[in-house]
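Reading through the structure tokens given below for one structure.
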2 protein chains.
Amino acid sequence: MGETTAIPRKTRIQAQNEELILKAALEVFSAYGFRGATVDQIATNCGLSKPNLLYYFRRKEDIYVAVLEHTLHDWLEPLRSLDPAGEPIEEITRYIRTKIRLSRDNPKASRLFANEILHGATAIGTYLKGPLKDLVDEKAAIIRGWIAEGRLNAVDPHHLIFAIWATTQHYADFEPQVQAVVGGGPEVMTKAEETLTRLFVEGLKPRSQ
Amino acid sequence: MGETTAIPRKTRIQAQNEELILKAALEVFSAYGFRGATVDQIATNCGLSKPNLLYYFRRKEDIYVAVLEHTLHDWLEPLRSLDPAGEPIEEITRYIRTKIRLSRDNPKASRLFANEILHGATAIGTYLKGPLKDLVDEKAAIIRGWIAEGRLNAVDPHHLIFAIWATTQHYADFEPQVQAVVGGGPEVMTKAEETLTRLFVEGLKPRSQ
DNA sequence: TTAATTCTTGATCGCTTGGTCAAGAGCGGA
DNA sequence: TCCGCTCTTGACCAAGCGATCAAGAATTAA
């Protein structure tokens with residue numbers, strides 16, 4: 001009791017391997033979903049044996065939760081940085097642009113979450129109802145304020161945020177469909193960014209000004 | 001050879017059971033995805049034994065493809081009925097309204113497709129590149145025509161269609177998230193419909209008119 | 001009623017997969 | 001160098017799953 005409670009310091013090897021595992025896990029889970037992915041796949045993908053991988057994460061689910069948590073924070077950063085002191089149209093334009101570029105540069109994270117939520121969000125359900133809801137409510141209040149000041153068209157802030165999420169993440173989550181319809185060149189994403197910003201800006205800019 | 005070639009007429013029992021199976025399969029596949037779903041689950045779900053189910057569909061994949069095809073046609077009906085002779089804003093408003101109601105009334109179909117595409121669209125890839133692309137291109141041309149006539153704001157038609165798909169299906173595919181953030185009452189969907197139509201209408205209505 | 005056909009199922013097989021275990025290899029501090 | 005701890009792995013296990021099969025039950029056509 002007088003001693004310091006056991007603090008499990010992380011070995012160099014531990015930190016290194018856990019990072020390898022999380023990277024491989026994102027790859028595999030985002031491609032096949034939780035049930036579709038296999039521990040063997042993840043192990044092979046990062047050059048470890050299966051028992052060795054299970055030495056670092058006892059259960060498959062532990063890897064899954066770890067990679068979800070590890071990715072969630074970064075994913076919400078753009079919304080977090082929506083600035084109440086900024087110019088409304090400019091702030092929202094920047095948000096859309098950041099989100100769609102995140103979707104382009106890190107589609108695996110998008111697909112990981114999409115799959116998790118699509119299948120009931122059992123692993124991150126409490127997170128959604130807690131921190132996520134709090135963040136969204138906070139930003140929705142800001143938008144509501146802008147609307148009250150007449151600086152934005154009157155739309156429901158929550159559903160506006162949903163719309164931005166849906167449209168931007170669509171390009172990562174439904175990539176095969178987008179690819180099938182308009183092809184897969186790099187110009188697709190720039191065109192998407194252009195179209196979405198115009199659509200939302202025109203949709204939100206007050207008529208009388 | 002002189003005889004008529006064997007036409008496999010469907011028995012009453014056949015038709016009845018196949019319908020039961022497809023219904024149960026939609027339920028299970030939409031909830032767990034292809035790999036996550038089990039033949040046993042589907043069988044139990046429709047009151048048949050597993051071998052009996054496999055008497056009607058030889059392989060698990062056959063059930064999956066069947067239920068996909070069975071649902072795809074209905075799912076695209078709203079886009080198909082976009083009328084080139086109609087009033088642009090009115091047509092698109094109707095399309096959004098129809099889509100979001102379809103998403104509300106048949107979320108399982110939405111989730112079935114979402115899962116299929118999210119995991120690479122291996123089963124319907126050729127359909128996407130064929131009939132779907134053709135349909136979308138056709139409707140995009142109509143929208144492009146409306147824009148050329150100055151009856152709509154200038155946005156890329158393909159990406160506009162993607163945006164409508166994304167925003168409307170979001171409420172089915174990401175239901176747990178929507179529920180976590182704004183709750184699950186029936187007013188959510190009406191509010192969503194209202195917000196989306198306003199957003200798109202304001203975004204598409206030409207400023208100078 | 002009879003005979004052919006369709007339908008149904010218990011038992012079972014082969015394979016995949018998550019997870020365990022014991023035993024050895026590697027590493028770091030004294 | 002030595003010793004304790006961390007790390008690694010081949011072999012293995014039990015459960016779950018897709019699929020098969022043979023044999024019996026139900027249905028249908030005559």
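So you know, we letter chains A, B, ... as the sequences are listed, proteins then strands, and number each from 1. The figures here come from the full heavy-atom set of this structure, side chains too, leaving out hydrogens, waters and symmetry mates.
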Touch class at under 4.0 angstrom, heavy-atom based, for B:A43 against every strand present: nothing

Touch class at under 4.0 angstrom, heavy-atom based, for B:F57 against every strand present: nothing

Nearest-nucleotide comparison on DNA chain D, the residue closer to the 5′ end among A:Y55 and B:V39: A:Y55

How many Å lie between [atom1] on [X] and [atom2] on [N], as a whole number?
X	N	atom1	atom2	result
B:I63	D:dC17	CD1	C1'	13 Å
B:R58	C:dC7	CZ	P	14 Å
A:L54	D:dA11	CG	P	18 Å
B:L53	D:dT20	CG	P	13 Å
B:L48	C:dC7	CG	P	12 Å
B:K50	D:dC17	NZ	C1'	6 Å
A:Q14	D:dT8	CD	C1'	14 Å
B:D40	C:dA11	CG	C1'	14 Å

Please tell me if [X] has a side-chain N or O lying less than 4.0 Å from either OP1 or OP2 of [N].
X	N	result
B:R35	D:dC17	no
B:Y56	C:dT8	yes
A:N52	D:dC7	no
A:R12	C:dG28	yes

Donor-acceptor contact below 3.5 Å, side chain A:R198 vs main chain B:A154: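 Here the side-chain-to-backbone pair exists.
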
Can you tell which of [options] lies closest to the side chain of [X]?
X	options	answer
B:R59	D:dT8, D:dA19, C:dG19	D:dA19
A:S49	D:dT8, C:dT20, D:dC17	D:dT8
B:P51	D:dT6, D:dT20, D:dT8	D:dT20

Check: A:K99 and A:W165 side chains under 4.5 Å, non-hydrogen atoms: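 Yes, side chains in contact.
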
Sub-4.5 Å side-chain heavy-atom contact between B:Y127 and B:E69: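 No, side chains not in contact.
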
base_contact_polar (C:dG19 base, A:K60 side chain, donor-acceptor, <3.5 Å):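 No such pair is found, so the answer is no.
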
Criterion side chain to side chain contact (heavy atoms under 4.5 Å, CB included) on B:V201 and B:I96, from CA distance to verdict: CA-CA 10 Å; B:V201 166; B:I96 292 169; over 6 Å; no

Side chain to side chain contact (heavy atoms under 4.5 Å, CB included) between A:Y55 and A:L48, worked out: CA-CA 11 Å; A:Y55 167 77; A:L48 298 180; over 6 Å; no

